[in-house]
Q: 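Mind looking over this structure? Questions follow.
As the structure is a prediction and not an experimental result, all values here were calculated from the model. First the proteins, then the strands, lettered A, B, ... as listed; each starts at 1.
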Amino acid sequence: MSFEHQGEFQSDDEQLYRVRHSLAHVLAQAVLQLRPGSTLGFGPPIKDGFYYDFALSEPITDADFPEIERLMKKILKSGQRFYQENLPKSDAFARLAEMGEPYKQEYAEELCDKHDLDSLSFYRNGSFVDMCEGPHVDTTKEIPRDSFKLRSVAGAYWRGDSDNQMLTRIYAWAFLSKEELASYVQAYELAQERDHKKLGKQLGIYTIDNDIGRGLPLWLPNGTIIRDELEKLAFELEFQAGYQRVSTPHIAKQDLFFQTGHLPYYAEDMYPPMELVEQTEHGEKVKEAYVLKPMNCPHHHKIFDAEPRSYRELPLRLAEYSHVYRFEESGAVGGLVRVRGMCMNDAHIYCTEEQIKSEFRNVMELYAEAYRILGLESYYLRLSKSDPEDPKRKQKYVDNPNAWIKSEAIIEELLNEMEVDFVIGVGEAAFYGPKIDVQFPTVTGRDESVSTVQLDFAVPARLGLSYVGSDGLDHVPYCIHRAPLSTHERIVAYLIEHYGGAFPTWLSPVQVKVITVSDQFHDYGRKIVSALRAQFVRAELAEESDTVSKKVRAATVNKIPNLLIVGSQEEQDQTVTLRRYGIREQLTLPFEQFQDSIQQTIDQRASEFRVIEK
RNA sequence: GCUCACAUAGCUCAGGCGGUAGAGCGCUUCCUUGGUAAGGAAGAGGUCAUCGGUUCAAAUCCGAUUGUGAGCACCA
């Protein structure tokens, strides 16, 4: 198993860091020129450039970018020197007050309190002064004038807290040369071509209809094939790992979720209840309330509880691909990555404390196997812990400090024993326990949790789950929640971007497209298609009376992995000419040999096509 | 939820300083029967997101709503 670590922006290139940091100051200088009376927030370097936050006197939009860039270039050209000065803290506060910089002032006071500082660092270039630790370039002449580009304007809360005022953030790309900028922008644009929202539409995978609802994707025939293949994969992996499949309804009584503790912890993320109302003498009364399930665990817990359990049955592994519904905030919903209705590769493992580690390990191995088959490599692990410092912790996490310490220790120990790299996410835990999240980068450069394994020390007890131990006494089981293949929505989004829409044969909605050289070979083409379909290969004949070129192009645009070209030669020899997606060289082989080869390619879920020699 | 931008044919987009619209692809039909990324011709297809306001006149200007995108916050 290999898990790569991926951390925050840390430039190993000191000069790049200085340039970006200095450009942030130059941007602020230009914006203050254009919008006098604006004040400053933070303006750090980031992984591909920098940003700066402003409380603007007048709004700015991207239509102002050319003007701002012009002002910035003028400043760069003028060769301003950067001077550092350290002011005693009282002088520093006085200066910030004089400058009219309330955000900087607030931060300055906090810095001094927290780190017990008695002086603060400022940088001056030209007429512009900013409280800042540096480092910076010596002079703006060091900064190439053509290697940065303003990218976007967006809102951002001061100090990242939605209770605070929203500032205006301007993002920019910045590099050390024009060429580096150009190649970065080009790579960025190329990556946008892989965006699952774009390809999902182009390849007929899913659609979202406003009459159905936001965040509620409709899976088209091509997308449904991919889902079915993933479910088949999960079924096989889980069968071999000793899981049992169960099926449960999409709704349950609201009261169940009070018992589990989801309500009130999780209320904001749930669709409002469906209420059955009864007429009484005094008016209306809610007789029963049902909710759409946001998670499957309560339903599975009830299956565990459906009969008396012995320690001999543990670990009991219950698996289900099931829909859950979460009322994500409108601004969070987008494409397939954040949706309000999703189908999850869920399972719950009930086990004893002694079994936790080995079960976690089994789950991690199942993940690694699934990722290997899917060819996914660019992920890293995050140990998601609670945050004991969080003032809102009582609303966010089950209140049982000892259980948190113990369960977090078990998982961290396991990760260390497995010798895998991981980062720690403080405050990223589930409300009922710590978890290991598997993070994947999207084409838009964000990391998202795709898969997750979670340890639950709280909910089984709340529902009164128990098993009889070898000592004849009742014990509360631990529960491991896991979803290696994530939700169909999220994993398919990643797979589309990972493969750029060109799926390996086993996942591809159309696996073989038969292209005849002219209509007179359609009979042979149809014979091939029906023989392939008889072995459950998803084959189609290109029926259009177009030229071969046109049909090849159409199939290529649709990223179909295998094309079979047939004409008089092939019909006479009972062969086919195979052209693989993205490969120009082709191969003519007996049709029967192709049948065996594609069967093996599919059965092995191979990423490449290998011809079987007879 | 918040900030900003955007919404024109099935798709990708142009146009429009106010006088009710265009291209390419796709689709349909016809000709072509062609050996590897677009053969040719004709045709159908749009209350310019929705609602309201200004105006003699709104797709164009203004407002609201809905949706989409980029961020922020959120994210089991």
Side-chain angles (χ1 to χ4, degrees), chain A residues 51 53 56 59-64 151-171 192 195 197-198 201-202 204 207-211 213-214 262 265-266 268-270 294-297 324 326-335 337-339 342 344 346 384 396-397 425 427-435 437 444-446 448-449 452-454 456 459 481-483 487 490 515-522 544-558 563-570 577 579 581-586 588:
Chain A
Y51 68 76
D53 289 342
L56 294 169
I60 274 178
T61 72
D62 53 12
D64 298 305
R151 181 157 69 102
S152 64
V153 51
Y157 298 107
W158 167 240
R159 319 267 350 233
D161 184 338
S162 57
D163 292 336
N164 290 338
Q165 190 188 334
M166 180 160 268
L167 307 177
T168 302
R169 175 172 298 177
I170 296 178
Y171 281 98
Q192 301 313 301
D195 190 320
K197 295 190 282 291
K198 191 177 169 131
K201 182 182 228 172
Q202 222 174 76
T207 186
I208 293 183
D209 186 299
N210 194 33
D211 288 338
R214 231 180 170 179
H262 285 84
Y265 284 109
Y266 206 65
E268 282 185 4
D269 297 277
M270 290 170 65
M295 299 182 193
N296 297 306
C297 25
V324 295
R326 301 175 181 180
F327 197 77
E328 301 285 350
E329 286 178 294
S330 57
V333 173
V337 172
R338 280 292 277 282
V339 289
M342 65 211 89
M344 188 178 268
D346 214 351
S384 299
K396 284 168 92 169
Y397 310 114
E428 302 281 359
F431 77 82
Y432 45 67
K435 55 189 175 120
D437 291 313
T444 48
R446 259 188 309 222
E448 295 276 0
S449 301
T452 178
V453 209
Q454 310 167 356
D456 180 350
V459 180
H481 306 235
R482 43 111 279 177
T487 59
R490 208 168 260 195
I515 291 172
T516 57
V517 167
S518 94
D519 292 4
Q520 62 197 92
F521 307 108
H522 273 10
E544 310 87 331
S545 292
D546 285 324
T547 57
V548 179
S549 288
K550 183 95 179 256
K551 288 185 281 193
V552 167
R553 179 183 145 80
T556 306
V557 166
N558 285 308
L563 308 185
L564 294 181
I565 320 289
V566 296
S568 64
Q569 200 60 56
E570 285 83 358
T577 296
R579 174 172 169 154
Y581 177 80
I583 301 173
R584 277 192 170 253
E585 301 84 80
Q586 11 180 52
T588 301

Q: Salt-bridge test for Asp195(A) and Lys197(A): reply yes if a basic N is under 4.0 Å from a carboxylate O, no otherwise.
A: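 Salt bridge flag = yes for Lys197(A) with Asp195(A).
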Q: Rounding to a whole Å, what distance do you find between Asp211(A):CG and U66(B):P?
A: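 Distance, rounded to whole Å: 15 Å.
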Q: Any N or O donor-acceptor pair under 3.5 Å from the base of G1(B) to the side chain of Tyr157(A)?
A: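 Such a pair exists between side chain and base.
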Q: Just say parallel, tilted or perpendicular for the rings of His262(A) and Phe431(A), cut-offs at 30° and 60°.
A: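 Aromatic pair His262(A)/Phe431(A) classed perpendicular.
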Q: For U28(B), what is the paired nucleotide under Watson-Crick or G-U wobble rules, both distances under 3.5 Å?
A: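 With both distances under 3.5 Å, U28(B) matches A42(B).
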Q: Look at the side chain of Ser545(A) and decide which nucleotide, out of U32(B), C11(B), G35(B), has an atom nearest to it.
A: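 Selected nucleotide: U32(B).
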Q: Which whole-number value in Å describes the distance from Asp209(A) CG to G10(B) C1'?
A: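 Rounded to the whole Å, the gap is 14 Å.
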Q: Starting at the 5' end of RNA chain B and moving along, which residue's nearest nucleotide shows up first, Leu167(A) or Ala429(A)?
A: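 Nearest-nucleotide comparison on RNA chain B picks Leu167(A).
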Q: Counting side-chain heavy atoms from CB outward, which of G34(B), C74(B), A5(B) is closest to Glu329(A)?
A: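 Among the listed nucleotides, the one closest to the side chain of Glu329(A) is C74(B).
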Q: Would you indicate which nucleotide in C2(B), U12(B), A73(B) comes nearest to any side-chain atom of Ser162(A)?
A: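 From the listed options, A73(B) comes nearest.
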Q: Which comes earlier along RNA chain B counting from the 5' end, the contact point of Val324(A) or that of Met166(A), where each point is its nearest nucleotide?
A: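 Final value for this comparison: Met166(A).
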Q: What is the separation between atom CD on Gln192(A) and atom P on G71(B), rounded to the nearest whole Å?
A: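 In whole Å, G71(B) P and Gln192(A) CD are 8 Å from each other.
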Q: Can you tell me the pairing partner of C2(B) across any strand shown, Watson-Crick or G-U wobble, with both distances under 3.5 angstrom?
A: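 C2(B) is paired with G71(B).
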